[in-house]
Peer 1: 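Sharing a structure below in structure tokens format, with a few things to ask.
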Amino acid sequence: MTGEVRIGDEARAAATRTLDTALREGRLDLAEYERRLVVVQAARVRKDLAPAVADLPGASGRTGPGLRISAADRERALVRLAGALTDGRLDARAYADAENLLNRAVTYADVDAVVGNLDAKASHTERDQAVARIEAAVAGGLLDPAEQHDRVAAVRRAATDAQLAALVADLPAAAGPSRSPRASHADREAAVAQLHEAVEAGVLDLPEFDERVRAVYAARLSDELTRLVADLPRPEPAPPTGTPPVDLPVRKPPSFAAGMAAAVGAAIGTFVVIGVVIVLGSSGLAVPAVVVAAVWAVVFVALVVWAKRTTTAAIAAEGAANADIRFPPFPAEPTWVDVDPAEWRPAQRVLGRHKGDLRSIAALVLPGGAPVAITGGRDNTARVWDLSDGSWRHTLDGHTHDVTGVAAMVLPDGVPVAVTVSPDRTARVWDLRDGSPRGTLPGLAEDAAAVRCLSLADGSPIAVVHNGCTRIQTWDLRNHAKRHDLREIGMFDVAVPAVLPDGTPVAVVADWENHHLRVVDLANGKPRFRLTGHTQPVTALDTAVLADGTPIVVSAGRDKTVRIWDLHRRTLRRTITGSVDPKEALVCTALPDGTPVAVACDWDPESTTVWELRDGSELPFRSALWGNVLGAVALPDRTLLLGLSEDPRAAAVQELS
């Protein structure tokens, strides 16, 4: 049978209902509605209906940039535009032009072109914050008044967050310890005090002292001050000064027995008072009965409250006493104990804690060679830690919800940056040198779940964000411009970006329903190929590139297998079985000798496993990390793993050994 399938009244009625809904929602005006209605009524085959309803959402509720916008969505965009005018992100002329464009917008793509970049524009509040940082820098001696005037004028002219960030990048933030490269008044006074001590100790003579003091007060950068006192002995720390002890009266410790006695007394007294009230009432003495009952009610409440507080304090005191028990020290002579190698666990270093549970983790080696970790938590912050000694470096504060994803990379100009995403619909970029913000990525979708950074074949640095559902977005990290917005690529739960040997950037997504991996072109959202083999949903993904340039992806699934795939040949390289529980987190890294490895863990710290990626063999490394958060960084002399510690609010660092 050839030709198109003919349609009946039911298909025409469905198309008519779509037109009615579009007219009611304001997607069509009356003239356009009537024109399309004629096309629907005259349609005889299915393809005749396409011109009438192709750009309208059907009963499935599909969305897309090419669909016509509804009146409600247009109003929301106008409200957002008015908010941008109010907070200074748009001036009056730009607002009028944008409002005119919105009123003439037909599709969602037209609206996104007008309001999609509003988040990247600088507001009055952000400009005021930048001015406050500049004024604080002047007060602290970091800037002179002439430079203050120039910077404040540039801040008032700045149109985007990126321009503001560049103007205050070398200044300390309003909160937290200062790590500005500029020298403050306090820094200069400390250097002069050190020079005075050097003169008193006979290390410097007076002519050299005078010369260095002039150089100190002329210095503008902290490095200049450091060089001026680098060859001098450091001042000894002042001995601690304590306040004299105060003799306080001895306080009797709370007694559990006393609290229970009060509770029993309250119970017995209640029965006695009830009897007294009954006797008084039966004798006609109603007023005394009421007085006795009221007085006992007050006494009863007091006894119960006192009993509760006393017993609670006694229990807490007993727990503190048990915590203070000191065990005898180990003997001075070494004692040899037989230990099963299977029970040995490597030592951990625990980084500082968030105020909420850890949600995400990433690691990076800075251009100077210092390794850092970036952790995101449920306290709405991300924190930067120095992995050399575990010290805190910066707090990346600005989100209003959990930081669900963090990623980091070094840009082509040598600036190390971190990208953080949150369900508050913001993706923020930070300078890892001093923790200062570099702006936001505009147009972030709802429920952002994870972010990865990737260098394309031409060297372009991009951030790839997915919402753990149906949408993937990418931005260029050099100018924060959005590159791609893939809205309808099918349901998925996990996604990671990669670059194929031909230079095509792709996303490997784990299809939750069919359990296979789909490789999707990031440029247009079209599927390239599928990798099938898992029999249950995939829980974790990561990618790596072997020494011969072969891109691979490693997947862990609910079927308790880990699979290694070749993205060049589009084949399965290895299937790893034997896991007791499904792996919850997975990371690919390398050993100091260049061996590519994959590390996977679940909720049992004893079952973390390491495999070589070339042949899938298990390596005899031990780790005690656990949970669904895992990261790694490869250094010239060691490989560090990062994951959850025993406290889920803090990250643990282990050497892969």
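Model, not experiment: these values are computed from the prediction. Basis for what follows: all heavy atoms, side chains included, without hydrogens, waters or symmetry-related copies.
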Peer 1: Taking all heavy atoms of Ala427 and all of Val421, pick out the closest pair and write down the distance.
Peer 2: CB-CG1, 3.8 Å

Peer 1: Quick check for you: to the nearest 0.5 Å, what is the distance between Leu641 atom CG and Thr589 atom OG1?
Peer 2: 7.5 Å

Peer 1: Measure across Arg573 and Asp566 and return the closest heavy-atom pair with its distance rounded to 0.1 Å.
Peer 2: NH1-OD2, 3.6 Å

Peer 1: Let's go through Thr539 and Arg558 carefully: what are the C-alpha distance in whole Å and the side-chain angles of both, what is the deciding distance for side-chain hydrogen bond (donor to acceptor under 3.5 Å, both in side chains) to 0.1 Å, and is it a yes or a no?
Peer 2: CA-CA 7 Å; Thr539 55; Arg558 296 285 180 198; 5.4 Å; no

Peer 1: Have a look at His399 and tell me which of Asp379, Thr420, Asn380 forms a side chain to side chain donor-acceptor pair (under 3.5 Å) with it.
Peer 2: Thr420

Peer 1: Is any side-chain heavy atom of Val553 closer than 4.5 Å to a side-chain heavy atom of Leu531?
Peer 2: yes

Peer 1: Can you tell me how far CG of Asp357 sits from CG of Asp402, rounded to the nearest 0.5 angstrom?
Peer 2: 9.5 Å

Peer 1: Is any NZ, NE, NH1 or NH2 atom of the basic residue among Lys526 and Asp521 found under 4.0 Å from an Asp or Glu carboxylate oxygen of the other?
Peer 2: no

Peer 1: Kindly check if the number of other-residue, nucleotide or ligand heavy atoms within 6.0 Å of CZ (Arg530) is above 12?
Peer 2: no

Peer 1: State which residue, out of Val653, Leu351, Val372, fulfils the side-chain contact (heavy atoms from CB on, under 4.5 Å) condition with Trp385.
Peer 2: Leu351

Peer 1: With heavy-atom distances below 4.5 Å as the criterion, would you say the side chains of Val406 and Thr375 are in contact?
Peer 2: no

Peer 1: Nearest 0.5 angstrom please: Leu517 CG to Leu541 CG, how far?
Peer 2: 5.5 Å

Peer 1: Does any non-hydrogen side-chain atom of Phe621 lie less than 4.5 Å from one of Thr608?
Peer 2: no

Peer 1: What is the minimum heavy-atom distance between Leu591 and Thr639, and which atoms define it?
Peer 2: CA-OG1, 3.5 Å

Peer 1: Find the distance between OG1 (Thr595) and CG (Asp593) and round it off to the nearest 0.5 Å.
Peer 2: 3.5 Å

Peer 1: So which atom in Ala540 and which in Leu586 form the shortest heavy-atom distance, rounded to 0.1 Å?
Peer 2: CB-CB, 3.8 Å

Peer 1: Evaluate the ring planes of Trp565 and His534, with Trp represented by its six-membered ring, and classify them as parallel (under 30°), tilted (30 to 60°) or perpendicular (over 60°).
Peer 2: tilted

Peer 1: For the atom pair NE2 (His516) and OG1 (Thr535), what is the distance rounded to the nearest 0.5 Å?
Peer 2: 14.0 Å

Peer 1: Determine, for Asp485 against Arg471, whether the closest basic-nitrogen to carboxylate-oxygen distance falls under 4.0 angstrom.
Peer 2: yes

Peer 1: Output, in order, the C-alpha distance, side-chain angles, deciding distance and verdict of salt bridge (charged side-chain N to carboxylate O under 4.0 Å, His left out) for Asp424 and Arg428.
Peer 2: CA-CA 11 Å; Asp424 62 7; Arg428 299 177 180 269; 5.1 Å; no

Peer 1: Can you give me the closest heavy-atom contact between Leu625 and Ala652, atom names plus distance?
Peer 2: CD2-CB, 4.0 Å

Peer 1: Passes side-chain contact (heavy atoms from CB on, under 4.5 Å), Ser623 versus Val610? Steps please.
Peer 2: CA-CA 9 Å; Ser623 174; Val610 183; 5.8 Å; no

Peer 1: May I have the step-by-step check of side-chain contact (heavy atoms from CB on, under 4.5 Å) for Arg452 and Asp542, ending in yes or no?
Peer 2: CA-CA 10 Å; Arg452 293 288 186 105; Asp542 202 7; 3.0 Å; yes

Peer 1: For the pair Ser436 and His394, evaluate side-chain contact (heavy atoms from CB on, under 4.5 Å) and give the outcome as yes or no after the intermediate values.
Peer 2: CA-CA 9 Å; Ser436 61; His394 315 294; over 6 Å; no

Peer 1: Taking the side chain as C-beta and beyond, is there a heavy-atom pair between Cys453 and Pro461 under 4.5 Å?
Peer 2: no

Peer 1: So, do Val499 and Pro551 sit near enough that their side-chain heavy atoms are less than 4.5 Å apart?
Peer 2: no

Peer 1: Given side chains that start at C-beta, do those of Val538 and Asp493 come closer than 4.5 Å, heavy atoms only?
Peer 2: no

Peer 1: For Thr395 and Asp397, run side-chain hydrogen bond (donor to acceptor under 3.5 Å, both in side chains): C-alpha distance rounded to whole Å, both residues' side-chain angles, the deciding distance at 0.1 Å, then the answer.
Peer 2: CA-CA 6 Å; Thr395 296; Asp397 193 358; over 6 Å; no

Peer 1: How far apart are the closest heavy atoms of Arg353 and Asp647, and which atoms are they?
Peer 2: CD-OD2, 2.8 Å

Peer 1: Under a 3.5 Å distance rule, please check whether Asn467 uses its side chain to pair with a backbone N or O of Thr470 as donor and acceptor.
Peer 2: yes

Peer 1: Checking Arg438 against Asp431 for the side-chain contact (heavy atoms from CB on, under 4.5 Å) test, could you report, in this order, the C-alpha distance in whole Å, the side-chain angles of both residues, the deciding distance, and whether it holds?
Peer 2: CA-CA 6 Å; Arg438 290 175 61 91; Asp431 191 328; 3.9 Å; yes

Peer 1: Rounded at 0.5 Å granularity, tell me how far CG in Leu444 sits from NZ in Lys482.
Peer 2: 8.0 Å

Peer 1: Measure the shortest side-chain to side-chain distance between Arg359 and Arg378 over non-hydrogen atoms and say whether it is less than 4.5 angstrom.
Peer 2: yes

